[in-house]
Amino acid sequence: MPPEPHELSSNADSLVQDGGWTLLTAAIDSANSMIAVADVRARDQPLVFVNAYFCEFTGYSREEALGRNCRFLQNAPGGRDDDQPGVRRVREAIAAGERCKVLLRNYKKDGTPFWNELYLSPVRADGGEEVTHYVGVQNDVTEHLECERERLILAEAMRTLDESVVITGPDLEEPGPEIRFVNEAFQRMTGYDWDEAVGRNPRMLQGPETDHGETERLKAQLRAGRPFRGEAVNYRKDGERYVVQWTAAPVWAHAVHGVEGGLYGGPGMSGHSGGLRRPGERNETAESRRRKGPPSHYVASQRDMTARRALEREVLEGRSYEQARIARDLHDGPAQDVTALKFLVAALSRQVGLDAGDPKALHDAAHDETGAPRFDTPQALAAHLLSQADDAASRVRQVARGLMPIGGVRGELTAALTRLAAERSALVDRNAEAPGPTVTFAGTPADEPDAPDVRNELYHLAREAVGNALRHSGASRIEIALRRTDGAVRLSVADDGVGMPADLAAAAGRIDGLDGRGKPRSTSGGVGLRSMRYRAEVLGGALSIEPAVPAADGRPARGVRVVCTLSASGPPGIDPREPSDDD
């Protein structure tokens, strides 16, 4: 039968009153804090008790510790280390009979330094005024201080970073995440100081021209535990409109020091858990973090792109103007000259008795009975000249048409892509010695982006991708597709060819000419990929390069699909209006 509560209390009192400290000693010895008792009445205030963990941690046995002043913990390998503010505070507290909490730099028996957080409390005889002993409860906080030092380094680096940083809470649902931290760059960029930003929702920066489809895509990526990069129009505190590019990513709770294992380490902690990665430590993958629980925060870096987008707008306009000028010059100059040359050659053909309008007569004049080209008669030379002039005129017109800006009016982009597919198919059909792929296009004017300049750039991106596929893929089919869904436009060019070399696929068209590991690419080529990457970035979009047919069931991946995804309204800063007669 269990004892009554008053019996337990009586037993505990008798243990203390009778001097039977067996239970109390066992309890203190089981603690994972260092506990020591000093007799302040005796000469030099020696230790009269240390618990088992004190001995285990410091390396001193009870025999080595008892009877000595605890200053032996300041015996550093190079001499005594007692010139510390904490040591002076301990002396003052004992002299005044007060409690104190201090931080001391102490040393184990083998000379290993550690930071000791000491709680010192006086013990008074029989509840009177005289202090007879002091109890010291000590904790090793070395790892905690190291983590705190690293946290301060990271915090200071983030504070002074020239790029805006925002940290929010984890709640993406209404009313949305709460801002927990902003750095000085954020305050300079937005005009909101710390007190005005912290505690509010990032929506305070949104306004009439903010693309809410982009913010929804951001939340969808973060809900899936993935980072997101995007652009949007935001508004400063004074109402000024600006373009911001941000990269947002989740921060997982288990990765934050102190959430698992306790703030001070100890049992259950395994290795370093601070913020700065040690040499040889490997980064934990995002997937492994997601498996351990939900994010605790979100962090976003932000960059003001207003000036850059305005400059790129001017570049787009200037490039379109130059393309139009060159196209007009080609049409009005070389194209007319080549056309005149065609008429002269046709007249020459008639002079030598050759019918320039009869394809069979021209072929027979230019080839012998075996079908080999011949150049030994005036008729053969005239037939060859007429064929070359016709090809030259066709190519000059094609170049001029390709340079002419596309997309002034909705529907021009789909018409141009339809024409591009037909022309490329016709070109390969004419090459009987090396027949190439058929090229198709699928899309409607409703799929086109809103901004005319964006349509023009998309056309040239598609043209470059088709050209790459024709030159390198060995495909039998190339498919161009334009789709608009959920406020985004997706242009893709896919082929069923041999695929892309691994280093080019890893680089994914980096405009710096580096491979996927950040080193100079060793293989030739890649200029077209970098050109497409540049166009996509200017448009505020993303370019991806992937197999058209993924590997499956032991079969290798085949073909290449180039995909450009961008906002249907174009990059922030681009005017989506159709050009008017006044423009």
Determine the minimum heavy-atom distance between [X] and [Y], stating which atoms define it.
X      : Y      : result
Pro175 : Arg203 : O-NH2, 2.8 Å
Trp252 : Ser296 : C-OG, 3.9 Å
Leu417 : Tyr459 : CD2-CD1, 3.9 Å

With a 3.5 Å distance limit and no angle check, can you tell me whether [X] reaches the backbone of [Y] through a side-chain donor-acceptor pair?
X      : Y      : answer
Asn183 : Met158 : yes
Glu448 : Gly411 : yes
Glu178 : Thr168 : no
Ser473 : Ala469 : yes
Asn468 : Ala465 : no
Asn201 : Pro177 : yes
Arg455 : Asp450 : yes
Asp140 : Thr142 : yes

Measure the spacing between [atom1] of [X] and [atom2] of [Y] and express it to the nearest 0.5 Å.
X      : Y      : atom1 : atom2 : answer
Thr190 : Asp238 : OG1   : CG    : 10.0 Å
Asp304 : Asn234 : CG    : CG    : 9.5 Å
Glu231 : Glu214 : CD    : CD    : 8.0 Å
Gln245 : Met305 : CD    : CE    : 4.5 Å
Cys564 : Arg490 : SG    : CZ    : 10.5 Å

- Task: Sequence neighbours left out, what passes ring pair (Phe, Tyr, Trp, His ring centres under 6.0 Å) with Phe441? Give chain and number order.
- Result: none
- Evaluate the ring planes of Trp246 and Phe228, with Trp represented by its six-membered ring, and classify them as parallel (under 30°), tilted (30 to 60°) or perpendicular (over 60°). tilted
- Message: Apply side chain to side chain contact (heavy atoms under 4.5 Å, CB included) to residues Arg89 and Glu98 and explain how you reach the verdict.
- Response: CA-CA 10 Å; Arg89 176 69 188 110; Glu98 300 172 342; 3.7 Å; yes
- Message: Given the ring of Tyr242, does Arg236 sit roughly above its face, with NZ or CZ under 6.0 Å from the centre of the six-membered ring and within 45° of the axis?
- Response: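 Yes; both conditions hold, so Arg236 lies above the ring face of Tyr242.
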- Is a side-chain donor-acceptor pair under 3.5 Å present for Gln138 with Ser33?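 Gln138 and Ser33 do not have a side-chain donor-acceptor pair below 3.5 Å.
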- salt bridge (charged side-chain N to carboxylate O under 4.0 Å, His left out) pairs, two or more places apart, involving residues 154-171: Glu156-Arg159, Arg159-Glu184, Asp162-Arg188, Glu163-Arg303
- Gln221: which of Glu216, Arg226, Arg229 passes side-chain hydrogen bond (donor to acceptor under 3.5 Å, both in side chains):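 Only one option passes, and that is Arg226.
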- Please assess Val137 against Met34 for the test side chain to side chain contact (heavy atoms under 4.5 Å, CB included), listing each intermediate value before the final yes or no. CA-CA 6 Å; Val137 179; Met34 294 173 279; over 6 Å; no
- Message: Checking Leu491 against Val563 for the side chain to side chain contact (heavy atoms under 4.5 Å, CB included) test, could you report, in this order, the C-alpha distance in whole Å, the side-chain angles of both residues, the deciding distance, and whether it holds?
- Response: CA-CA 6 Å; Leu491 171 74; Val563 180; over 6 Å; no
